[in-house]
Amino acid sequence: AATPVAWLKQCFDPAPANVLALAGCSTKSGRAQLTGRTPSRLHDTDLQQQMESAGAAAATPVAAPRVVLVGDSTLDNVVWVDEPAQAVPAILTRKLQQQAPGACVVNLAADGFNSTDVLLGAPPSISYIARAAAGDPFPNGSRDRFLPLTQLKALSPAPTHLVLSIGGNDVREILGAMHELPARIAAFQANYPRIAAECEESGARVIIMLQYRPDLSTDLDHYGVYSAIDAGIPGSDDSVTKLNRLMQGIYPSVLALAAAKGWDVLDLPNTFDIHDSDLYRCQIEPSPQGGELIAELIAHAVLERPAGPPGAVRSMLISKPVGGSEIVEKRLVCIADLGCVPDAVSSATWRIGEPAGELAAAKTPSQVPALAPAA
């Protein structure tokens with residue numbers, strides 16, 4: 001059984017008390033303290049009164065969402081920013097509370113996790129200390145093995161939304177051994193639907209977040225992602241085109257799943273500008289500016305998209321195109337429905353565009369040698 005959810009991200013003003021109550025905390029002496037209540041005992045009179053008070057004090061009628069983050073450092077980036085308030089969970093909390101006072105964010109992401117780690121658990125070694133210092137600790141007993149999907153099941157009340165962002169570390173870990181790439185992609189494609197199914201079982205509306213592309217200009221200074229891609233994938237195309245095709249070969253199955261389930265997809269590959277180093281830290285991590293962009297898209301999906309039972313809400317591909325100032329929504333449909341919906345996108349037609357507005361040279365996923373089957 002999971003321990004009391006002390007790791008629930010404390011919401012910022014206004015009225016954080018109701019959020020601390022969800023975590024079994026009190027604000028005695030002005031500091032959050034564990035009361036020792038377990039998730040199964042959270043539905044008490046105290047909590048109901050606090051939540052009713054928070055709702056009565058809300059400036060707008062928007063219901064307060066409870067958003068869970070599951071994934072890697074694209075969401076759990078506190079190590080890579082100058083102060084905790086610049087991390088994605090904190091930025092997202094503030095954005096949500098501007099329209100829905102009482103909204104809160106539960107950070108079940110873990111820096112460095114790949115898809116197998118999310119599915120089976122692993123030590124949260126990269127951000128464990130930083131998150132404890134930031135007041136966003138992992139659950140008690142998680143230092144040796146953090147099980148995000150187990151912790152997800154323990155949440156009460158259930159989350160309203162869940163953001164899933166995973167996959168970048170599956171590739172990062174083998175940049176020096178690119179011959180392992182086909183096996184890693186196969187493992188990712190086997191793990192992803194299992195992870196997504198457990199996320200769906202939480203009852204939350206699932207929001208899929210695609211991995212953004214790394215910073216191009218600092219490639220030689222940090223991980224050398226583009227250099228590794230260039231050397232590891234055959235062909236005469238430049239490294240950016242190779243990476244685009246790689247992602248266009250990996251993501252069709254994810255997009256097809258989202259379209260079938262009615263889940264929205266945050267299209268970060270078409271949102272992050274690989275020529276804007278201000279969006280990144282160490283080539284692959286979100287900077288404060290990058291975190292702001294991520295939180296903006298998540299907040300849009302949470303606050304602006306309609307809610308409804310599974311299958312009742314149509315999927316949208318959500319992005320903020322490079323060079324643009326507005327968030328754009330495009331219908332995401334199954335391949336069979338593509339011809340019936342004007343301007344729609346499917347798993348077969350999704351492509352990564354370049355900042356200049358030209359689409360990257362496109363091939364079907366089956367033309368990418370030994371990577372992944374088309375969905």
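When a residue number appears, it is its place in the shown sequence, counting from 1. Quick caveat, the model's predicted, so the values are computed rather than measured.
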Name all residues meeting the side chain to side chain contact (heavy atoms under 4.5 Å, CB included) criterion together with S277; count only those two or more places apart in sequence or in a different chain, and write none if there are none. D215, S217, T218

According to side chain to side chain contact (heavy atoms under 4.5 Å, CB included), who are the partners of L147, at least two apart in sequence or on a separate chain? R145, T150

Determine whether [X] and [Y] make a side-chain contact, defined as any pair of heavy atoms from C-beta on separated by less than 4.5 Å.
X: S202; Y: L162; value: yes
X: N244; Y: E354; value: yes
X: C199; Y: W263; value: no
X: I195; Y: S115; value: yes
X: T271; Y: V322; value: no
X: L152; Y: P159; value: yes

Counting distance only, does the side-chain N/O of [X] pair as donor-acceptor with the main-chain N or O of [Y] below 3.5 Å?
X: S239; Y: S227; answer: no
X: D136; Y: A130; answer: no
X: R213; Y: M247; answer: no
X: N77; Y: P286; answer: yes
X: T93; Y: P89; answer: yes
X: Y212; Y: I284; answer: yes
X: R351; Y: Q248; answer: no
X: R131; Y: A110; answer: no

Over all heavy atoms of both residues, which pair between [X] and [Y] is shortest? Give the atoms and the distance, please.
X: E326; Y: P321; result: O-CD, 3.7 Å
X: A196; Y: L257; result: CB-CD2, 3.8 Å
X: L268; Y: L210; result: CB-O, 3.3 Å
X: F113; Y: P124; result: CE1-CA, 4.1 Å
X: A64; Y: A100; result: CA-CB, 4.2 Å
X: A256; Y: S347; result: N-CB, 3.9 Å

ILVMFWY clustering at 4.5 Å (side-chain atoms), partners of [X]:
X: L338; value: V333, V341
X: V328; value: none
X: L220; value: none

My understanding is that only residues two or more places apart in sequence, or in another chain, count here; which of them pass ring pair (Phe, Tyr, Trp, His ring centres under 6.0 Å) with Y192? F188

With a 6.0 Å cut-off on ring centres, are Y280 and F272 close enough? yes

The criterion is salt bridge (charged side-chain N to carboxylate O under 4.0 Å, His left out); which residues satisfy it with [X], sequence neighbours excluded?
X: D264; answer: R205, R305
X: D82; answer: R281
X: K95; answer: E292

Treat each ILVMFWY residue as a node, draw an edge where side-chain heavy atoms are under 4.5 Å apart, and state whether [X] and [Y] are in one component.
X: V79; Y: Y223; value: no
X: V78; Y: I294; value: no
X: V88; Y: L303; value: yes
X: V106; Y: L96; value: yes
X: L92; Y: L266; value: yes

Taking only residues two or more places apart in sequence or in another chain, which ones pass side chain to side chain donor-acceptor pair (under 3.5 Å) with S127? D76

What residues form a side chain to side chain donor-acceptor pair (under 3.5 Å) with D238, not counting sequence neighbours? T241

Please walk me through it: do I318 and V265 pass side chain to side chain contact (heavy atoms under 4.5 Å, CB included)? CA-CA 6 Å; I318 301 171; V265 176; over 6 Å; no

Please step through salt bridge (charged side-chain N to carboxylate O under 4.0 Å, His left out) for the pair K330 and D267, ending with a clear verdict. CA-CA 10 Å; K330 292 184 178 180; D267 188 359; over 6 Å; no

At what distance, to the nearest 0.5 angstrom, does [atom1] of [X] lie from [atom2] of [Y]?
X: I207; Y: L164; atom1: CD1; atom2: CG; answer: 10.5 Å
X: S319; Y: H300; atom1: OG; atom2: NE2; answer: 9.5 Å
X: D170; Y: Q211; atom1: CG; atom2: CD; answer: 10.0 Å
X: L69; Y: L75; atom1: CG; atom2: CG; answer: 5.0 Å
X: I327; Y: E329; atom1: CD1; atom2: CD; answer: 8.5 Å
X: D117; Y: I166; atom1: CG; atom2: CD1; answer: 7.5 Å

Going through the distances and angles, do V206 and K261 end up as a side chain to side chain contact (heavy atoms under 4.5 Å, CB included)? CA-CA 9 Å; V206 178; K261 294 290 187 178; over 6 Å; no

Angle between ring planes, F146 versus F138, binned at 30° and 60°: parallel, tilted or perpendicular? perpendicular

Can you find a side-chain donor-acceptor pair between Q283 and D219 that sits under 3.5 Å? yes

Identify all side-chain donor-acceptor contacts of residues 171-178 below 3.5 Å with residues at least two apart in sequence or on another chain.
unit_1 : atom_1 : unit_2 : atom_2 : d
R172   : NE     : N169   : OD1    : 2.6
R172   : NH2    : N169   : OD1    : 3.4
E173   : OE1    : N114   : ND2    : 2.9
E173   : OE1    : R184   : NH1    : 2.7
E173   : OE1    : R184   : NH2    : 3.2
E173   : OE2    : N114   : ND2    : 3.3

Per side-chain contact (heavy atoms from CB on, under 4.5 Å), S315 is matched among L255, I208, L332 by L332

Output yes when K242 and D230 qualify as a salt bridge under the 4.0 Å nitrogen-oxygen rule, no when they do not. yes

Residues, nucleotides or ligands: over 12 heavy atoms within 6.0 Å of L120 CG: yes

